[in-house]
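One structure is given below, encoded as structure tokens.
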Amino acid sequence: MYPLLLAAAAVAAPSTPLRLLGRGLAVAMSTAGPLKSVDYEVFGRVQGVCFRMYTEGEAKKIGVVGWVKNTSAGTVTGQVQGPEEKVNSMKSWLSKVGSPSSRIDRTNFSNEKTISKLEYSNFSIRY
């Protein structure tokens, strides 16, 4: 069944790169706009409130790759990569939304740059 989905996706959009997801499902990656990479650090009440789990879920929903982890300083840090508009959506979420029980005081973004290809294949929680 899955090979048929892959073949159908490839035939439907031959010029669109496909991204493999779990169980061999493929989704077309957006080619609109350049790929971006940005590092982030979120300050506030962001540990002990499932912030990493919600960040991972939001990243997968938006369609970006990268990672998230807690720091010994009580912040959450990570990196996001993907099409510029999707990275911008994730930056907004990291600045304003977070997990339901979190309180975001500020989010610092650094090392924002255009990249030629994604360095990660998914979004993960690091320990």
Side-chain angles (χ1 to χ4, degrees):
M1 176 173 152
Y2 294 125
L4 292 176
L5 288 174
L6 292 174
V11 169
S15 63
T16 303
L18 296 177
R19 178 170 164 228
L20 290 177
L21 299 177
R23 298 188 180 192
L25 296 177
V27 276
M29 289 293 286
S30 170
T31 56
L35 292 175
K36 291 284 189 176
S37 176
V38 66
D39 298 337
Y40 62 88
E41 186 170 12
V42 186
F43 297 79
R45 189 162 71 104
V46 294
Q47 290 192 10
V49 292
C50 299
F51 197 91
R52 292 172 300 158
M53 181 185 74
Y54 276 89
T55 300
E56 179 185 41
E58 186 67 15
K60 289 179 176 182
K61 184 175 96 177
I62 289 173
V64 294
V65 298
W67 55 272
V68 61
K69 73 174 186 176
N70 285 341
T71 70
S72 59
T75 64
V76 170
T77 189
Q79 187 175 83
V80 175
Q81 295 183 349
E84 184 173 24
E85 70 278 3
K86 292 182 179 188
V87 168
N88 288 341
S89 294
M90 193 68 196
K91 285 172 65 177
S92 178
W93 187 91
L94 288 164
S95 300
K96 300 173 185 162
V97 182
S99 66
S101 299
S102 67
R103 185 196 72 245
I104 299 169
D105 292 339
R106 78 178 190 278
T107 305
N108 291 348
F109 296 100
S110 60
N111 301 320
E112 187 160 351
K113 59 189 173 190
T114 300
I115 55 175
S116 58
K117 65 181 184 118
L118 299 175
E119 298 168 22
Y120 307 98
S121 58
N122 61 11
F123 196 95
S124 63
I125 297 174
R126 291 186 176 176
Y127 297 95

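Residue numbers count from 1 along this sequence.
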Gap between atom [atom2] of [Y] and atom [atom1] of [X] - 0.5 Å precision:
X	Y	atom1	atom2	answer
Asp39	Ser110	CG	OG	4.5 Å
Gln81	Ser37	CD	OG	4.0 Å
Thr75	Asn108	OG1	CG	9.5 Å

If the condition is salt bridge (charged side-chain N to carboxylate O under 4.0 Å, His left out), which residues does [X] pass it with, not counting sequence neighbours?
X	result
Glu112	Lys91
Glu56	Lys60
Lys61	Glu58

So, for Lys117 and Leu35, which heavy atoms are closest and what is the spacing to 0.1 Å? CA-CD1, 3.8 Å
Can you name the nearest heavy-atom pair linking Thr114 to Pro34, along with the distance? CG2-CB, 4.0 Å
Before giving the answer on side-chain contact (heavy atoms from CB on, under 4.5 Å), spell out for Asn111 and Val38 the whole-Å C-alpha distance, their side-chain angles and the decisive distance to 0.1 Å. CA-CA 6 Å; Asn111 301 320; Val38 66; over 6 Å; no
Ser101: side-chain contact (heavy atoms from CB on, under 4.5 Å) partners, not counting sequence neighbours: Arg45, Val49
For Thr77, the side-chain contact (heavy atoms from CB on, under 4.5 Å) test, sequence neighbours excluded, returns Glu41, Trp67, Lys69, Thr71
Decide yes or no for [X] and [Y]: does some side-chain heavy atom of the first lie under 4.5 Å from some side-chain heavy atom of the second?
X	Y	value
Ser102	Tyr54	no
Arg52	Asn70	yes
Ser95	Tyr40	no
Trp93	Ile104	no
Gln79	Glu119	yes

Quick one: do Val97 and Phe43 end up in the same hydrophobic cluster if we chain Ile, Leu, Val, Met, Phe, Trp and Tyr together by side-chain heavy atoms under 4.5 Å apart? no
Can a donor-acceptor pair be found, under 3.5 Å and without considering hydrogens, that links the side chain of Ser92 to the backbone of Asn88? no
One pair to check against side-chain contact (heavy atoms from CB on, under 4.5 Å): Ile62 and Phe123. What are the steps and the verdict? CA-CA 11 Å; Ile62 289 173; Phe123 196 95; over 6 Å; no
Would Met90 and Thr55 satisfy side-chain contact (heavy atoms from CB on, under 4.5 Å), going step by step from the backbone distance to the final call? CA-CA 9 Å; Met90 193 68 196; Thr55 300; 3.6 Å; yes
All side chain to side chain donor-acceptor pair (under 3.5 Å) counterparts of Ser72, not counting sequence neighbours: none
